[in-house]
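Letters A, B, ... mirror the listed sequences (proteins, then strands); counts begin at 1. Bear in mind the structure is a predicted one, so any value in this text is a computation, not a measurement.
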Amino acid sequence: MIRDTLAQLVRQAAIDAMAAGVLPDVPLPDVTLERPRQPEHGDYASNLAMRLVRATGGKPVEIAQKLRAHLPPSPVLGEATVAPPGFLNLRLSESWLAGQVDDILAQGTAFAGQPPANERVQIEFVSANPTGPLTVGNGRGAVIGSTLAAVMEACGRTVQREYYVNDAGTQIEVFTRTLYARYQQLFGREVEIPADGYPGEYMVDVAQTMRAAEGERWLRPPGEPAPEGFGELGIDIMVEGIRRDLVALGVTYDVWFRERSLYAGEGRYEQAMARLRERGYVAEKEGAVWFTSTDVGEDKDNVLVRSTGAPTYFASDIAYHYDKFIERGFDRVIDVWGADHHGHVSRLKAAVQALGGDPEMLTVLLYQLVTVRRGGEVVRLSKRAGEIILLRDLIDEVGADACRFFFLQRSADSTLDFDIDLAKTQSDKNPVFYVQYAHARICAILSRAAERGLTQDGGDVALLTHPAELALIRKMLVLPELLDQVSRTLEPHHLPYYAADLATAFHAFYHDVPVLSRSGKKVTVDVPASLSRARLKLVAATRVALARTLHLMGVSAPEQMARREDGDEDDE
RNA sequence: GCGCACGUAGCUCAGUGGAUAGAGCGCUACCCUGCGGAGGUAGAGGUCGCAGGUUCAAGUCCUGCCGUGCGUACCA
């Protein structure tokens, strides 16, 4: 990355200055460059002089000047200046910048990525209980998780995407009793769904699916419980529905991990509990089995096996993470959870530590709640599911692209207001539209040029010297750094902002700089073919960068937008 | 009570310890039919919740307080 190259130059300048006796020989801190807010301050700035001043003495500005004098020559580096209170500001060489257009085109869809690194990452996301359909909140987790997976892959990690299906435990019994009641109702029996059951209408749909497939096969005499296998089939139907909703959002998985599989035979559950016991973290008291998490710094102990003999959800989770860390041996594990689960983060990390894993390698990424607005009013109800809004309904109404873009737009730490009206707007007010339009416009320009027999072939990027051209190239070169940052901080919300920035830089360029000759009523612009070819290269490179950004977000990069009807200025 | 977050423009939100705190929407002007105007330019709008502290430098780190959300089960 260019930032590293420049940092190395600054570091070398310090070493050379010390060797020359111009600066006292002191230990050198890590040289990091930042991007100044003001463009006048250059492309990158180093605060090294200010960090050295305590050890070396002297004035920061003078130290910075010495660093500047010892910067090794480089084709990358343009101007270097010193600014108070001691910044060393660096500007990229314009000829090098122009040359990056060829570089971006050569990289193509691999642009801004990193070579493979030897790191295996597992990212588990959504993992909603299969007792109900996905909600908009689950959708946010799906988009955050899948986007992070894509970015980490682009940055060289080997990524496994996993969905943990909670198909064991008490909730499944409740689900089964509810479903069986619904099933019997379809055959005219006067049966009430359980008081603690799932009232949503989707349960009727599942029951109907089962009747449609196998008729009354599952019916037992009145008063008897559901037969063996009935609940499992119901769960399978639910999981399939969840899978389809996720596909509609552009999300697929490598592994669907069944909680039930932890308990098969002498499985992971037994192994994990045995390991905890060996290591001295299991105690019996009050008729239950406890994880003595206070021994690893927790506030309280937690129950593993209830006095009824049934394991808790927490025990399953321990076995599951035992499998991730100890058996499957991932270098890094990321769990994406809704913020309402944050109370479990600490004790799960404690469990990983107690098992002998490294809790630092487990990152639990929490995202805050989603509220949906329509006409400024908060939407609360779904007809089919009660007090939740279905992800499916949102996708059907605004489309997967808008869903993904909007879900990504906010930091996971912030609650998210999803404005349905804005997401459906076919205008520049809608950021998804604005960005996608930029891509479509690029495609239109390239094909228009081709119609005239002009292509980027043979274009000489050295002709790209206009400030708007260079600004656009600079914006494209942000992407590699951005992806690196997202992969390290796990904050994908920067991507939509960047996409909009890049689109703006393109529109500004296109507004200021003619790519093709044109003749209108008022103005005639003549662009030499050689210049057109060079600028078409820049346009094509912008397409590469913009499409890359959109694809990582899982948002489509359309070649054309549907034409808006003329004269249709009003909102519907 | 305790724990984890959040509090930045009218609204929704960005802001890796750096220089003059930004964007979109909304508002006010302008470019006037354009190589896709579904675009561009400019302006108004801020005690970064409050008070201390650390630092050459704090919206950013630390402490306390106020406000909001979530959690604090032998539920998942």
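Here the options are A:L365, A:L348, A:V126, the test is side-chain contact (heavy atoms from CB on, under 4.5 Å), and the partner is A:W337; only A:L348 passes.
The distance between atom NE2 of A:H507 and atom P of B:A38, rounded to the nearest whole Å, is 11 Å. Atom C1' of nucleotide B:G71 and atom CD of A:E298 are separated by 14 Å, given to the nearest angstrom. Look at CZ on A:R518: it is 5 Å from P on B:C35, rounded to the nearest Å.
For residues 312-324 of chain A, the pairs satisfying salt bridge (charged side-chain N to carboxylate O under 4.0 Å, His left out) are A:E124-A:K324, A:R268-A:D323, A:D323-A:R328, A:K324-A:D335, with sequence neighbours left out.
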A correct 5'-to-3' footprint of nucleotides 12-19 of chain B, with B, S and - meaning base, sugar-phosphate only and no protein heavy atom under 4.0 Å, is BSSSB-BB

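Within 4.0 Å of A:P514, counting heavy atoms only, lies at least one base atom of the nucleic acid. Heavy atoms of A:R448 sit under 4.0 angstrom from primed sugar atoms or phosphate atoms, though from no base atom. Counting non-hydrogen atoms under 4.0 angstrom, A:T170 reaches the backbone sugars and phosphates but no base. Using a 4.0 Å heavy-atom distance criterion, A:V432 is classed as making no nucleic acid contact. Across all strands, A:Y434 comes closer than 4.0 Å only to sugar-phosphate atoms, never to a base (heavy-atom distances).
Side chain A:S307 to base B:C74: a donor-acceptor pair is found below 3.5 Å. Judged by distance alone with a 3.5 Å cut-off, no donor-acceptor contact links the side chain of A:H341 to the base of B:G71.
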Decide side chain to side chain donor-acceptor pair (under 3.5 Å) for A:Q368 and A:S414; before the verdict, give the C-alpha distance in whole Å, the side-chain angles of both, and the deciding distance to 0.1 Å. CA-CA 6 Å; A:Q368 298 291 325; A:S414 296; over 6 Å; no

Pair up each side-chain donor or acceptor in residues 169-176 of chain A with any protein partner under 3.5 Å, not counting sequence neighbours, and list the distances.
residue	atom	partner	partner atom	Å
A:Q171	OE1	A:N129	ND2	3.1
A:Q171	NE2	A:N166	O	3.2
A:T176	OG1	A:I172	O	2.8

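Figure legend. B:U12 is base-paired to B:A23; pairs are counted as Watson-Crick or G-U wobble with both atom distances under 3.5 Å.
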